[in-house]
Amino acid sequence: MSTATTVESAQHFWSEEPSKLPDRRRIRAHIGGLHCSLCTGTIEKALGKRPGVDKVSVSLTHEQALIEYDPRVARPEDLLQILKDIGYTVSDPRKVQPFEEQERALVRERGRFLTALAASIAAMGLAGYPVSSLWFWLCVFSIASLVVFAFVVLRSWGMRTAFAGSALLAAFGAGVYYLQLQGAFGAATPWLAGALAVFLIFGVGWHILRMGAAALRRGILNQHVLVEFGGMAGLAGGIVGLAWRPPGFPTTAFFSVAVMVITYHIFSEWLSLIVKTRSSQAVKKLLDLQPDVARVVRDGKEVEVPFDDVRVGDLVRIRPGERVPVDGVVESGESDVDESLVTGEPKLIGKHAGTQTISGSLNGHGTLLVRVSVVGDESFLRQVIRSVEDARALKPGLLHLVDRVLRVYTPLVLLTAAAATLFWLLVPMIGGGSPDLQRAMFAGLSVLVMGYPCAVGISAPLSIVRGAGEGAERGVLMRTGEAFQALRRVQRVVFDKTGTLTEGRPALRAIVPVAVTEEELLTLTGAAEAGSEHPLARTVVEEASNRGIALLEVEGFQAVAGKGVRARLRNKKLLVGSPSFLASEGVNLAPQQGRITELEAQGLTVIAAAREGELLGLLALGDALRPDAAATVRRLQAMGIRTSMITGDNELAARHFARAAGIEEVHARILPAEKAALIRKLQEKERVAMVGDGINDAPALMQAEVGIAFGSGADIAIESADVIILNKRVGAVIDAYEISRYSYGKMVQNVVLAFTFNGIGIPAAATGLVYPIWGMVAMAASVTSIFINSLWGRGSYFFEAIKGVGQPEQLPSKDMVESGPLANIELVVPNMVCEGCAEKISAALSALPGVREVRPKVSQKHIYVQYEPGRVQKEQIKETVVKTGFTAVEA
């Protein structure tokens with residue numbers, strides 16, 4: 001009975017994944033509380049020791065753990081309980097954490113830091129030196145730096161609150177310092193400082209103590225262990241002073257330094273959480289938030305059914321502009337479907353009764369009724385997701401710079417503390433004297449106190465905050481600090497073709513007039529194609545419209561499926577279609593055969609037009625290289641970074657675009673899982689970044705050291721990436737690389753600054769002559785110097801990052817609210833194929849009185865319009881889109 005209850009409750013915080021081994025299983029869980037790449041090592045080491053566990057892979061970027069185990073030996077609930085015992089939280093990876101919940105966590109950590117900050121100000125006042133001492137002004141500086149931190153944090157409540165709160169804390173600190181100098185606290189001074197230390201270590205910072213103890217119990221030396229050694233050393237030193245009262249012993253200072261060690265660690269945790277949360281929220285805003293349902297037709301009625309409940313044989317209706325949710329066969333309806341995100345081929349595929357659909361593709365202008373043929377693990381999307389998880393498990397780990405340093409630094413501090421203690425115990429005995437117990441203890445504790453690199457904890461988050469701000473200005477979103485570091489070390493960049501190096505949409509690329517002028521050729525071709533629903537025909541009509549060409553009305557229009565059209569204009573017969581179609585109709589194409597072959601060799605689709613059997617000319621349609629693609633490749637190569645292309649498209653098209661971009665290494669006709677395998681092969685010799693946007697790119701994006709996705713791409717590609725490009729520029733890859741190098745440089749500077757203070761302080765502390773108050777001053781000085789180094793000239797990045805903590809999600813602007821009730825309409829625009837189309841429609845709609853907001857999403861071919869019903873009607877909105885030259889259907 002108890003076992004059943006445990007399993008039932010445990011099902012809420014993991015998902016099961018198929019394993020390639022028949023007698024093994026995989027589970028995936030979302031892990032909360034990951035602060036650094038040493039945390040991933042902590043989890044992998046803790047779980048890897050368990051019987052029955054074969055493989056553990058933890059992703060800091062996605063905050064997930066993937067565990068492969070033998071179900072005959074280990075149970076999922078027991079494995080995940082280990083993570084809870086260590087101090088991490090575990091939740092279902094399929095459930096998105098709400099915005100409000102994330103903000104509550106940030107507010108909770110902010111409150112924890114402000115509480116610790118007030119305690120540190122009080123502790124500094126209790127331990128401060130008299131005015132006559134040379135150390136007096138350094139103590140004042142330390143209190144002032146803490147007050148400045150408080151002001152920065154309180155800014156999220158407004159400037160008035162920030163000034164009032166920081167002034168109150170300054171007065172509080174000055175008051176405590178003054179009373180301490182006047183002897184008002186008397187013998188109670190060390191007891192008050194001790195109470196603050198106990199409150200911080202066992203109260204506010206209890207989670208740190210618990211995680212540090214759990215890590216130490218498993219033989220793992222991480223930052224939590226070091227901070228607890230520093231804090232506990234301060235506490236122990238203070239207790240020794242209270243118990244034995246040695247003359248001149250800095251009891252209060254020991255307690256106070258323990259308070260400051262915990263405070264700075266809480267601050268570093270809060271900063272890391274802000275960085276992680278903000279990037280996570282930015283990614284969520286890019287993802288498609290449509291409900292996970294399919295429209296199933298049962299007994300003649302349409303009902304919305306969760307994807308997991310769709311069964312083989314169900315009829316699913318897919319409306320214009322919607323993602324195709326299932327693999328199946330079209331029962332009725334006609335439409336053109338964009339499968340480029342799935343297959344990599346930049347073609348709109350005509351769908352009619354009897355044709356197959358692939359889940360993840362995008363429906364065009366028509367409605368389809370599809371009978372489901374495959375569900376569950378055998379569906380295309382599930383196979384891609386499985387490949388992504390395989391890649392996640394095989395992705396090379398990256399240890400953060402700070403964590404690499406701490407891996408060596410932590411045991412070094414512990415050994416130095418032990419050595420200093422033993423030195424002052426044994427050396428006097430060698431000289432014939434007695435062990436210097438007080439000095440030995442003082443030296444060991446002081447080394448541990450001075451050894452905690454408080455500034456190191458904030459060095460990486462501050463560098464990332466600055467880099468993230470600069471990235472946002474250039475349209476680049478870095479999801480983690482690991483992405484900042486890994487990208488600068490990349491030796492090869494692998495590009496997807498369709499939608500990445502190319503624009504990913506058909507357009508008119510070349511006009512070859514033969515018997516008429518270019519404009520007349522486009523006029524006649526557009527007139528003949530105006531009645532066709534074929535995607536290429538609509539591209540020709542759209543091009544004629546964009547050039548301001550008025551199309552004449554034809555007679556006797558007849559579409560020949562898969563070949564072309566016949567029509568009559570002014571009693572003359574027009575033929576428009578493929579060269580083979582015109583040849584079969586008796587049109588002589590021999591004089592232009594060389595030109596047709598040349599255009600097709602470039603990966604273009606050729607349309608020929610003839611009148612009364614005479615060839616009028618050729619139109620070439622197809623994908624095109626992005627304007628900055630070739631320049632980006634050249635710059636990468638100039639920096640010593642090799643480039644490759646990998647695509648699901650055919651060899652001919654791949655070679656053509658690779659030559660145009662300047663890429664020599666090409667891999668064509670590659671399936672999604674094969675892309676990840678190819679990346680793994682390249683990783684045997686060099687560090688690899690993958691740039692893509694499609695569903696078929698997702699496994700490779702996950703596998704590469706750095707996955708770079710376009711924000712306009714498929715959701716699964718965005719979720720698999722480490723870096724997201726928010727604009728359409730391929731050149732943003734270089735921007736991301738430069739930001740990575742600069743941010744890493746700042747991080748190195750910060751680490752050097754941080755360890756400079758510790759490097760001087762630890763040897764001095766080992767002499768047993770250094771008082772803990774010096775450690776407090778060193779902490780304040782190192783943190784302040786790192787703040788100045790990180791944010792000099794760019795302080796707004798940090799202020800903006802923390803100012804939004806606890807604020808609600810973006811609400812409508814004031815003028816929207818004051819205008820009265822607003823309405824929304826969602827339009828499907830099948831022929832909105834590019835950002836230029838979106839800008840054209842947005843400009844036209846924005847000019848309408850009463851339209852408040854227009855938000856196009858090209859990847860979905862949807863436009864969201866917010867308007868005032870009293871000033872404009874939805875029919876006017878739809879008519880405006882149609883007058884602009886586009887088709888508009890209400891979703």
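- Partner of Ile670 under the side chain to side chain contact (heavy atoms under 4.5 Å, CB included) criterion, out of Thr647, Asn696, Ile646: Ile646 alone.
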(request) Take Thr357 and Val329 through the test side-chain contact (heavy atoms from CB on, under 4.5 Å) and record every step on the way to the result. (result) CA-CA 6 Å; Thr357 63; Val329 179; over 6 Å; no
(request) Check step by step if side-chain contact (heavy atoms from CB on, under 4.5 Å) holds for Val312 and Val374. (result) CA-CA 6 Å; Val312 172; Val374 178; 5.8 Å; no
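- Between the side chain of Thr605 and the backbone N or O of Gly622 there is no donor-acceptor pair closer than 3.5 Å.
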(request) Could you check Arg509 against Glu543 for salt bridge (Lys or Arg N to Asp or Glu O under 4.0 Å), going step by step and ending with a plain yes or no? (result) CA-CA 10 Å; Arg509 304 302 178 186; Glu543 180 65 26; over 6 Å; no
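- The two atoms that bring Val554 and Ala528 nearest to each other are CG1-N, 4.2 Å, heavy atoms only.
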(message) Under the criterion side-chain contact (heavy atoms from CB on, under 4.5 Å), I'd like the reasoning laid out for Ile877 against Leu845: C-alpha separation, chi angles, the key distance, then a yes or no.
(response) CA-CA 7 Å; Ile877 294 173; Leu845 291 176; 3.7 Å; yes
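- With respect to Arg319 and Glu302, a salt bridge is recorded, a charged nitrogen being found less than 4.0 Å from a carboxylate O.
- In this model, no donor atom of one side chain and acceptor atom of the other lie less than 3.5 Å apart for Asp327 and Ser373.
- Note: Asp309 CG to Asp314 CG = 9.5 Å, rounded to the nearest 0.5 Å.
- Two residues are said to be in side-chain contact when any heavy atoms from C-beta on lie closer than 4.5 Å; Thr367 and Ile318 fail this criterion.
- Listed for the Thr525 side chain is no donor-acceptor partner under 3.5 Å among the backbone atoms of Leu522.
- One finds a salt bridge joining Arg371 and Glu331 here, because a Lys/Arg side-chain nitrogen approaches an Asp/Glu carboxylate oxygen to under 4.0 Å.
- Looking at Val851 and Val865, their side chains come closer than 4.5 Å, going by heavy atoms from C-beta outward.
- In this structure, the side chains of Lys874 and Tyr867 come closer than 4.5 Å at one or more pairs of heavy atoms.
- Panel note: side chain Asp722, backbone Gly707; a donor-acceptor pair is recorded below 3.5 Å.
- Heavy atoms only, all atoms of each residue included: Gly350 and Thr355 are closest at O-CG2, 4.5 Å.
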(message) Show, in sequence, the C-alpha distance, side-chain angles and deciding distance for Asp735 and Arg729, and conclude whether the side-chain contact (heavy atoms from CB on, under 4.5 Å) test is met.
(response) CA-CA 10 Å; Asp735 292 339; Arg729 295 188 309 108; 2.5 Å; yes
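- With hydrogens and angles ignored, the 3.5 Å screen pairs a side-chain donor or acceptor of Asp697 with a backbone N or O of Asp693.
- For Val565 against Ala559, the heavy-atom pair with the smallest separation is CG1-CA, 4.2 Å.
- Atom OG1 of Thr523 is separated from atom CZ of Arg547 by 10.0 Å, given to the nearest 0.5 angstrom.
- At least one donor-acceptor pair under 3.5 Å links the side chain of Asp628 to the backbone N or O of Val730.
- Between Met690 and Leu701, the shortest heavy-atom distance links the atoms O-CD2, 3.3 Å.
- Within 6.0 Å of atom NZ in Lys563, 12 or fewer heavy atoms from other residues, nucleotides or ligands are found, so the atom counts as exposed in its surroundings.
- Across every non-hydrogen atom of Ile739 and Gly471, the tightest pair is CD1-CA, 3.4 Å.
- Looking only at side-chain heavy atoms (C-beta outward), Val541 and Leu551 come within less than 4.5 Å of each other.
- Between Asp496 and Val691 there is no side-chain heavy-atom pair separated by less than 4.5 Å.
- In this structure, the separation between NZ on Lys878 and CD on Gln873 is 11.5 Å, given to the nearest 0.5 Å.
- A donor-acceptor pair is defined here as one N or O able to donate and one able to accept, closer than 3.5 Å; no such pair exists between the side chain of Glu529 and the backbone of Gly526.
- Between the side chain of Arg626 and the main chain of Thr500, a donor-acceptor pair closer than 3.5 Å is present.
- Annotation: side chain of Thr498 is in contact with side chain of Asp623 (closest heavy-atom distance under 4.5 Å).
- Between Ser361 atom OG and Ile349 atom CD1 the span is 9.5 Å, to the nearest 0.5 Å.
- In plain terms, the two heavy atoms of Ala29 and Trp14 that are nearest each other are CB-CB, 4.3 Å.
- A heavy-atom distance below 4.5 Å is not found between the side chains of Thr887 and Val882.
- In this structure the side chain of Val881 reaches within 4.5 angstrom of the side chain of Leu827, judged on heavy atoms.
- Rounding to the nearest 0.5 Å places CZ of Phe657 at 9.5 Å from CG of Leu501.
- Salt bridge absent: Asp336 and Lys351 never bring a charged side-chain N and a carboxylate O closer than 4.0 Å.
- If you take NE2 on His30 and CD on Gln64, they are separated by 7.0 Å, rounding to the nearest 0.5 Å.
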